[in-house]
**Student:** 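Here it is, the structure in full.
Every heavy atom of this structure was used, including side-chain atoms; hydrogens, water molecules and symmetry mates were not.
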Amino acid sequence: VFASYYYALQVAADGGNPYDKGALEAASRADGTRRSVHPFFYPPPFLLAVAWALPLELTTAFRTWFWLDELAALASALVLWRWWRPQGPAVGVVSAAAVATLTALPNNHVMGQANLPVLLLVLAGLWADDRDRPALGGVLVGLACMMKMSPALFVAWWLLRRRWVAVGASIATAVLSSIAALALVDPSTQLHFYTEVLPGFAS
């Protein structure tokens, strides 16, 4: 999976369409790394989160991503512990047990998925909102939404609860990060994601 992020970045940096699977595979074959690459399905601003990998070879980038993922997992556990600490000392034990037994962690690492940085942003954002810092919470969840669309469900939850500041901060963050992503993904390609790629996940 990480290869799709990596080659989407390379293709976008060369002025191509990161949602064109053929372009990703052509780039990977030119590198001599692999014959096929998973399609890239993530929002355009996601590429900003992996832009550091642009000058690196695929293997080096993957290894770096592994350690970033590992740090995100540990930070997520720390956020949960800090957030739930008022519930009593058992929270630390439960958090550690959850991390130790979560089979998604090794699977995530093997495939190089983006779930753990997104999880960290979401947990930190929800914790911030719970501490009456809705603007910060909205920014963090908004960033998570621009890495992977599923955290938008939390924005919908805030909307139902009339947490207007958090919702507004999330939307503003999504807009601003999309503008920043124009450095890599032009307007027509961004429109292609929202009108053709994203609706494919509606089911």
**Student:** I'd like to check the ring-ring contact (aromatic ring centres under 6.0 Å, His included) partners of F154; sequence neighbours left out, ordered by chain and number.
**Tutor:**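 Once residues adjacent in sequence are excluded, F154 has no partner under the ring-ring contact (aromatic ring centres under 6.0 Å, His included) criterion.
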**Student:** Is a side-chain N or O of D14 found less than 3.5 angstrom from the main chain of G16, in a donor-acceptor match?
**Tutor:**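 Side chain of D14 to backbone of G16: no pair is present.
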**Student:** Decide whether Y194 and Y42 are clustered together by the hydrophobic rule: side chain heavy atoms of Ile, Leu, Val, Met, Phe, Trp, Tyr closer than 4.5 Å, transitively.
**Tutor:**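 Yes: a chain of side-chain contacts under 4.5 Å links Y194 to Y42.
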**Student:** Distance check, rounded to the nearest 0.5 Å: F62 atom CZ versus Y6 atom OH?
**Tutor:**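 One gets 13.5 Å once the value is rounded to the nearest 0.5 Å.
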**Student:** Might you point out which heavy atoms bring V118 and P151 nearest each other, and give the distance in Å?
**Tutor:**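 It is CG1-CG, 3.7 Å.
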**Student:** Is S178 close to V175 at the side-chain level, that is, under 4.5 Å between some pair of heavy atoms?
**Tutor:**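 Answer no - side chains too far apart.
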**Student:** Is it true that, when you exclude R82 itself, more than 12 heavy atoms of the residues, nucleotides or ligands shown sit nearer than 6.0 Å to its CZ?
**Tutor:**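 Incorrect, the count does not exceed 12.
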**Student:** Could you pull out the closest heavy-atom pair between L116 and D69, with the gap in Å?
**Tutor:**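 Nearest heavy atoms, L116 then D69: CD1-O, 3.5 Å.
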**Student:** Could you check if a side-chain atom of F40 sits within less than 4.5 angstrom of a side-chain atom of L47, using non-hydrogen atoms only?
**Tutor:**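 In contact.
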**Student:** With sequence neighbours left out, what residues match F66 under ring-ring contact (aromatic ring centres under 6.0 Å, His included)?
**Tutor:**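 F66 satisfies ring-ring contact (aromatic ring centres under 6.0 Å, His included) with H109 once adjacent residues are dropped.
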**Student:** Of the non-hydrogen atoms in L56 and T64, which two are nearest, and what is the gap between them?
**Tutor:**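 For L56 versus T64, the nearest heavy atoms are CD1-OG1, 4.3 Å.
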**Student:** Is it the case that more than 12 heavy atoms not belonging to H192 sit under 6.0 Å from its NE2 atom?
**Tutor:**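 Count over threshold, so yes.
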**Student:** Would Q113 and Y5 satisfy side chain to side chain contact (heavy atoms under 4.5 Å, CB included), going step by step from the backbone distance to the final call?
**Tutor:** CA-CA 9 Å; Q113 294 176 321; Y5 313 155; 4.3 Å; yes
**Student:** Check whether any side-chain heavy atom of R35 lies under 4.5 Å from a side-chain heavy atom of S28, and answer yes or no.
**Tutor:**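 They are not in contact (no side-chain heavy atoms under 4.5 Å apart), so the answer is no.
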**Student:** For L58 and R34, work out which heavy atoms get closest and say how close.
**Tutor:**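 Closest pair (atom of L58, atom of R34, distance): CD2-CD, 4.4 Å.
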**Student:** Are I171 and L140 co-members of a hydrophobic cluster defined by side-chain heavy atoms under 4.5 Å apart?
**Tutor:**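 Yes, L140 connects to I171 through the hydrophobic network.
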**Student:** Answer whether the closest heavy-atom distance between the side chains of P44 and L184 falls below 4.5 Å.
**Tutor:**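 They are not in contact (no side-chain heavy atoms under 4.5 Å apart), so the answer is no.
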**Student:** Among pairs that include at least one residue of residues 144-157, which meet side chain to side chain donor-acceptor pair (under 3.5 Å), considering only residues two or more places apart or in two chains?
**Tutor:**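 Output for this query lists N115-K148.
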**Student:** M147 and L198: same hydrophobic cluster, using ILVMFWY side-chain contacts below 4.5 Å?
**Tutor:**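 Yes, one cluster joins them.
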**Student:** Would you call V141 and L121 a side-chain contact if the rule is heavy atoms closer than 4.5 Å?
**Tutor:**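 Of all side-chain heavy-atom pairs linking L121 with V141, none is under 4.5 Å.
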**Student:** Please test V11 against N17 for side chain to side chain contact (heavy atoms under 4.5 Å, CB included), starting from the C-alpha separation and ending with a verdict.
**Tutor:** CA-CA 7 Å; V11 168; N17 181 352; 5.5 Å; no
**Student:** Would D31 and T33 count as having a side-chain donor-acceptor pair, cut-off 3.5 Å?
**Tutor:**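 Distance-only check fails for D31 and T33.
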**Student:** To the nearest 0.5 angstrom, please state how far the CG atom of D186 sits from the OG1 atom of T189.
**Tutor:**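 Atom-to-atom, D186:CG and T189:OG1 are 3.5 Å apart.
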**Student:** On a heavy-atom basis, which atom in G138 and which in S170 lie closest, and how many Å separate them?
**Tutor:**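 Closest approach of G138 to S170, heavy atoms only: O-OG, 2.9 Å.
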**Student:** Check the pair L159, W164 against side chain to side chain contact (heavy atoms under 4.5 Å, CB included), reporting the backbone distance first and the verdict last.
**Tutor:** CA-CA 7 Å; L159 192 61; W164 307 122; 3.4 Å; yes
**Student:** Does the structure place the NZ or CZ of R63 under 6.0 Å from the centre of the six-membered ring of W65, at an angle of no more than 45° from the ring's axis?
**Tutor:**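 No, R63 does not lie over the aromatic ring of W65.
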**Student:** Evaluate the side chain to side chain contact (heavy atoms under 4.5 Å, CB included) criterion for residues S4 and V1: first the C-alpha distance (whole Å), next the side-chain angles of each, then the deciding distance (0.1 Å), finally the verdict.
**Tutor:** CA-CA 5 Å; S4 70; V1 175; 4.3 Å; yes
**Student:** Among L48, L176, T173, whose side-chain contact (heavy atoms from CB on, under 4.5 Å) with L143 holds?
**Tutor:**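 The passing option is T173.
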**Student:** Sequence neighbours left out, what pairs pass side chain to side chain donor-acceptor pair (under 3.5 Å) with at least one residue falling in residues 44-53?
**Tutor:**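 Side chain to side chain donor-acceptor pair (under 3.5 Å) check on residues 44-53 returns no pairs.
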**Student:** For atom CD of E70, decide whether the heavy atoms of other residues, nucleotides or ligands shown that lie under 6.0 angstrom number more than 12.
**Tutor:**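 It does: E70 CD has more than 12 such atoms within range.
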**Student:** Where do V155 and C145 come nearest, in terms of heavy atoms and distance?
**Tutor:**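 That would be CG2-SG, 4.0 Å.
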**Student:** What distance separates S76 OG from L123 CG, expressed to the nearest 0.5 Å?
**Tutor:**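 Reported to 0.5 Å precision, the distance equals 5.5 Å.
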**Student:** Restricting to pairs with a member in residues 120-139, which pass side chain to side chain donor-acceptor pair (under 3.5 Å), not counting sequence neighbours?
**Tutor:**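 Sorted result for residues 120-139: W83-D130, D129-W158, D129-R163.
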**Student:** Under 3.5 Å, sequence neighbours excluded: what are the donor-acceptor pairs made by side chains of residues 20-27?
**Tutor:**
residue : atom : partner : partner atom : Å
D20     : OD1  : G22     : N            : 3.0
D20     : OD1  : A23     : N            : 3.4
K21     : NZ   : E25     : OE2          : 2.4
K21     : NZ   : V37     : O            : 3.4
E25     : OE2  : V37     : N            : 3.4

